[in-house]
Every structure is written in structure tokens, then in C-alpha cells.
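The block underneath contains the structure these notes are about, expressed in C-alpha cells.
Counting convention: from 1, in listed order, for ligands and their atoms alike. Index from 1, following the sequence.
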Amino acid sequence: MADVLVVEDEESLLQTLRYNLSRAGHDVRLCTDGRVALEMVLGNPPDLMLLDLMLPGMDGLEICRRVRAEVTNPAVSHVPILMLTARDEEIEKVLGLEVGADDYLTKPFSMHELLARVKAQLRRADMGGVPSNAPLRLESDDLVVDVAGRRAVRNDLELRLKRREFDLLAYFLRYPAQVLSRERLLRNVWGYESAGDTRTVDVHVRWLRGKIEPDPNTPTRIQTVRGLGYMFTG
Ligand code: CA
């Protein structure tokens, strides 16, 4: 059972979410106003937050930004955030470093899908984002990944990676020279049990290439294997 904070100003959706999350065994707190939601998270951080993008008081992007900025209080800044968006094209912004949501769902979504995502986020949070059998330090050429400390260094310079980029890089380094399908990456890096939106993987691979490839436009480290997935070649 988890403490889930649902921030959504559309009453019918709010009640549907409350009903389904309660039935799945979670404690559900509801909020319809952005400013109040931020106060609730700061005062008593939930295990997971479902956050609508467009809200009265303060929008979801700003709330997410402010929660992530609470770096002196990891109980707040590490709250898993699942963003509820109305439009597909906001994906990159929502998942980006500036905002830092963990995942998103585009409205309208099925309750089945929502519950699967909630479960995946909670499981990941339980694991601390690190598989228990993972080696603590991974290296490839000029890249060094300190799994336990969640730091990645390239050419002795620390890489500024968002959490999921870090997890993805660590996973690539654990399985070098193997074709990794988008579905496998979603399952193992994102924690999804059923198939999710594979564009999430593509977006993160593109961001990661921008940070570790000598020339991101002609990637040599994370290669696209047409029709199959991606391969990390060192
Ligand atoms: Ca709304």
C-alpha cells in the first residue's frame, strides 16, 4: 500500500482516479489546486504523485520543478511524479531535466494503463532505482559510472544526467555489445511490466547521446539497430 497524492482539477477524473487507486489498495489524497498541492508535498511527501499539467493556482510543470529543486530534502525531491498531460508533444518538456517528471500519461488513458504505471514507479522507488545484483562501478573507455553514488563521469568531468538517463546509461554499460530492444529497456530501466510507449526510450537515448557521444548526430557509442533496438558499443 502506498500514499498516493492525486492532483487534478477535473472532478470526474479525480473521482475515477480515487476509486481505482483505492481499490488497488492505496491510500489516496486528493487535491485540485496547484499551490495547495505543493504545500502538501512539502509538508508530507507522498510515495507517488499523479500530477495534472494544467491546474489552477500553479501548473504541473512548476510544481514538478519546485519539488525537484528541494535537494536538501530528498524525501521531497525524490518523490516519483507521474504527469498527466493532454498533449503528446509535451513529452520532452515534461521528462526533461528542467522539469524532471519520471513518467507521463497522455489523456485520455485507461485505468489499467494508469495502475500499471503507478505500480512500475512504486517498484522502482522501492529498489532505489538500482537493481540489487548490479555491480557498483561500471567503466567503458572514458566513461565511469558509480552506481551506488549515482554519479557518472566522462573524461573526469561529471555528467549532468537526469535520473532515468543515469539508469539507462548504467544499463547500457552492464550489457555492452548486446542488442537491447526498446521493450527490454522499458521493462528493466523503467520497470514496466506491460508494453509502454517506446518513444520514451528513443527520447532518452537521444538525450544520452547528446551527453556521451563525440558527435551525437553520428552516434558511435549507442548504436541504433534497425528494427531491433539499441546497442552500446563502448
Ligand atoms: Ca487540468
- How far apart are the C-alpha atoms of Gln178 and Phe232, what are their side-chain angles, what is the distance that settles it, and do they pass the side chain to side chain contact (heavy atoms under 4.5 Å, CB included) test? CA-CA 7 Å; Gln178 289 185 34; Phe232 181 73; over 6 Å; no
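- Taking a cut-off of 3.0 Å, the protein N, O or S atoms nearer than that to the Ca ion (ligand 1) are Asp9 OD1, Asp52 OD2, Met54 O.
- Remark: Asp52 CG to Leu13 CG distance equals 7.5 Å, nearest 0.5 Å.
- Stacking of Arg184 on the aromatic ring of Tyr175 is recorded, both the 6.0 Å distance cut-off and the 45° axial limit being met.
- In summary, Lys107 and Glu8 engage in a salt bridge, as defined by a charged side-chain N under 4.0 Å from a carboxylate O.
- Looking at residues two or more places apart in sequence or on another chain, you find a salt bridge (charged side-chain N to carboxylate O under 4.0 Å, His left out) between Glu62 and Arg65, Arg66.
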- Message: I'd like to know whether Trp190 forms a side chain to side chain contact (heavy atoms under 4.5 Å, CB included) with Asp167, so could you lay out the CA-CA distance, the side-chain angles of the two residues, the decisive distance to 0.1 Å, and finally the verdict.
- Response: CA-CA 9 Å; Trp190 276 261; Asp167 294 340; over 6 Å; no
